[in-house]
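Not measured: the values here are computed from a predicted model. Computed over heavy atoms, backbone and side chain alike; hydrogens, waters and symmetry mates excluded.
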Amino acid sequence: MTVWQRILAALTLSLALAAPALASDRFILTAPESEVPGIAARNGLVVMDRVPERDVFLVRGPNGVAPATVIARVLADPELDDEADKVFMELDAIVQLPEAGLARPLHATTVDAERALGNTRLVAFHGSRVWASYARQRATTKVRVAEAHAAYGFGAGIVAVIDAGVDPTHPALVGALVGGFDFTRDLPEVSELADIDAAHPILNPDNVVILDNTSVVRVNPSTQVLVEAAQASALASGVLPETFGHGTMVASVVRLVAPGAQIMPLKAFGADGRGRLWDVVRALYHAQEAGANVVNLSLGLPTPSKALGDAVFYLHEKQMFCVASVGNDGRNTLRYPAAFPEALGVASVRPNDRRSAFSNFGAALVTLSAPGEALVVAYPAGQYALAWGTSFSAPLAAGALALMLEVKSGINWDEVRRAFAQAAPVVDAGMGAGRLDVMRAVSDAAGVVP
């Protein structure tokens with residue numbers, strides 16, 4: 001077993017022992033296909049699924065045996081001999097969206113929300129009509145999106161968004177979506193609306209476009225929604241799942257920056273903000289097979305996963321770019337996949353380019369920073385919201401990558417990192433190259449001195 005595998009094995013075993021909430025009989029087994037039947041037979045495993053064409057398997061462990069024991073037995077299997085260094089096993093852990101399980105709100109007062117969301121006038125937006133407050137907002141002005149559009153166009157390629165699905169009928173996303181899949185249900189439909197009851201007031205067809213008599217509702221610690229006043233009391237009761245709308249919001253940020261790119265929604269999370277590591281891993285490989293160029297990963301684990309790291313590295317080798325949020329703990333810590341060297345970790349800054357109080361930071365985690373407070377985003381059922389969190393900083397960078405792909409389709413990793421380094425200074429330490437400047441980044445990719 002390699003040094004890296006020993007470290008991961010120790011972390012995996014400690015997680016299995018120390019985190020009963022993650023105890024499971026589901027595991028991800030990385031092993032040569034020829035070895036899997038023997039490993040399964042000797043250790044009482046049942047093979048449930050496989051990543052197509054990859055030596056990555058989902059297995060179920062024997063009943064009544066502790067996860068740590070199952071893992072230890074497989075890693076110490078004496079029959080493996082020379083193949084032992086190719087075998088690894090870990091829990092099919094729970095992965096969370098960064099805005100799930102927050103102990104404190106990330107957002108400001110509803111007065112700020114009403115001011116930012118107040119312009120509900122409909123304006124033309126790339127074949128659709130959206131709220132002016134979404135199409136023309138502070139965050140995109142700050143990173144100079146409009147200037148980049150005027151100089152270089154609206155982007156190209158496919159950005160895969162591995163998240164909680166989207167509202168495919170939202171005006172902000174109509175015409176932009178391609179090739180989605182729901183890995184939580186193994187279905188091609190990716191609508192977030194399937195995660196809530198059809199009778200919920202947010203789905204009232206009479207209130208799809210809201211132009212007056214509105215009220216701001218805090219639907220969770222990271223999101224405020226502007227809804228028709230009659231809906232406000234129903235939504236304020238907390239009946240929506242914790243991160244309902246997260247995927248639609250993230251995808252709409254990509255769309256703002258790169259309206260010429262296509263968005264591939266890959267649903268690996270439920271509306272409660274929780275998903276399985278297995279679904280994230282197979283979504284990554286699916287993104288590559290389906291032709292994506294960029295993957296947005298507004299998600300995170302506190303410890304590294306070999307299966308996740310292998311997938312990110314594989315995409316890196318295929319000249320794809322993984323952009324990941326760094327998390328909302330407000331600490332100098334590591335979150336994965338952002339901390340993998342083959343990923344681009346994005347932190348959140350305030351409008352004054354200081355670190356957002358909630359944003360994680362650190363040289364080993366952050367590649368660059370981007371606005372992550374009070375972004376005006378699309379919300380399911382044709383609505384709009386204000387969003388806070390590193391989940392919404394990351395898609396600004398993912399969209400910028402799609403703009404770079406238009407000016408240089410074969411752009412490589414070193415060129416991307418150099419382009420993102422053309423950033424505005426950030427006072428606080430541990431925030432990477434600085435605050436994203438889309439105009440400067442795309443200019444650098446195009447070989448133009450910005």
Side-chain angles (χ1 to χ4, degrees), residues 122-132 134-137 139-163 166-180 190 247-266 287-288 290-298 319-323 344 346 370-371 375-378 392-412 415-416 419-420 422 436-448 450:
L122 294 177
V123 297
F125 181 78
H126 302 277
S128 186
R129 292 179 67 77
V130 300
W131 281 11
Y134 164 74
R136 305 161 188 166
Q137 60 174 290
T140 51
T141 299
K142 184 77 175 180
V143 299
R144 301 208 290 165
V145 168
E147 293 171 60
H149 287 172
Y152 299 110
F154 298 110
I158 299 174
V159 180
V161 176
I162 299 178
D163 214 286
V166 297
D167 174 3
T169 66
H170 198 289
L173 299 178
V174 167
L177 304 179
V178 61
V190 292
T248 299
M249 294 189 289
V250 169
S252 73
V253 177
V254 175
R255 175 73 162 157
L256 267 176
V257 182
Q262 294 179 303
I263 297 172
M264 180 187 295
L266 301 177
Q288 190 276 325
N293 309 98
V294 180
V295 181
N296 188 87
L297 296 154
S298 291
Q319 295 300 308
M320 290 178 62
F321 303 98
C322 292
V323 181
L344 298 158
V346 186
L375 273 72
V376 182
V377 295
F392 312 105
S393 306
L396 287 170
L401 264 166
L403 296 184
M404 293 183 208
L405 287 169
E406 180 168 12
V407 299
K408 189 170 185 180
S409 60
I411 192 167
N412 63 38
E415 291 167 334
V416 165
F420 277 138
Q422 308 305 312
L436 172 68
D437 185 321
V438 176
M439 179 62 180
R440 289 178 62 86
V442 181
S443 294
D444 188 90
V448 177

Please round to the nearest 0.5 Å and tell me the distance separating atom [atom1] of [X] and atom [atom2] of [Y].
X	Y	atom1	atom2	value
Arg136	Phe125	CZ	CZ	11.0 Å
Leu122	Ser128	CG	OG	9.0 Å
Leu297	Ile162	CG	CD1	5.0 Å
Asp437	Asp444	CG	CG	11.0 Å

> Who are the side-chain hydrogen bond (donor to acceptor under 3.5 Å, both in side chains) partners of Ser298, not counting sequence neighbours?
Replying inline: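 Per chain and number, Ser298 pairs via side-chain hydrogen bond (donor to acceptor under 3.5 Å, both in side chains) with Asn296.
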Contacts of Glu406 meeting side-chain hydrogen bond (donor to acceptor under 3.5 Å, both in side chains) (sequence neighbours excluded), chain-then-number -> none
[X]: side chain to side chain contact (heavy atoms under 4.5 Å, CB included) partners, not counting sequence neighbours:
X	answer
Gln288	Tyr314, Leu315, Lys318, Met320
Gln319	Asn412
Leu344	Val323, Thr367, Leu401, Trp413, Val416, Arg417, Phe420
Ala132	Asn119, Arg121, Val123

Please list all pairs meeting salt bridge (charged side-chain N to carboxylate O under 4.0 Å, His left out) that have one or both residues in residues 392-403, counting only residues at least two apart or in different chains.
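Qualifying pairs: none.
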Can you list the residues that meet the salt bridge (Lys or Arg N to Asp or Glu O under 4.0 Å) rule with Asp167, with sequence neighbours excluded?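 Checked Asp167 against salt bridge (Lys or Arg N to Asp or Glu O under 4.0 Å); zero matches.
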- Message: Determine whether a donor-acceptor pair (N or O, by modelled atom type, separation under 3.5 Å) exists between the side chain of Glu147 and the backbone of Met439.
- Response: no
Between the main-chain N or O of Ala419 and the side-chain N or O of Gln422, is there a donor-acceptor pair closer than 3.5 Å?
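Pair absent, no side-chain N/O of Gln422 close to backbone of Ala419.
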Exercise. Which residues pass the ring pair (Phe, Tyr, Trp, His ring centres under 6.0 Å) test with Phe321, sequence neighbours left out?
Worked result: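 In terms of ring pair (Phe, Tyr, Trp, His ring centres under 6.0 Å), with neighbours along the sequence ignored, Phe321 is linked to no residue.
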- Message: With side-chain hydrogen bond (donor to acceptor under 3.5 Å, both in side chains) as the rule and sequence neighbours excluded, what pairs involving residues 149-162 come up?
- Response: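 Output for this query lists Tyr152-Ser443.
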Show every donor-acceptor pair shorter than 3.5 Å between a side-chain atom in residues 249-265 and any protein atom, with sequence neighbours excluded, or say none if there are none.
{"from": "Ser252", "atom 1": "OG", "to": "Thr248", "atom 2": "O", "distance (Å)": "3.4"}
{"from": "Ser252", "atom 1": "OG", "to": "Met249", "atom 2": "O", "distance (Å)": "2.8"}
{"from": "Ser252", "atom 1": "OG", "to": "Ala378", "atom 2": "N", "distance (Å)": "3.0"}
{"from": "Arg255", "atom 1": "NE", "to": "Ala172", "atom 2": "O", "distance (Å)": "3.0"}
{"from": "Arg255", "atom 1": "NH1", "to": "Pro259", "atom 2": "O", "distance (Å)": "2.7"}

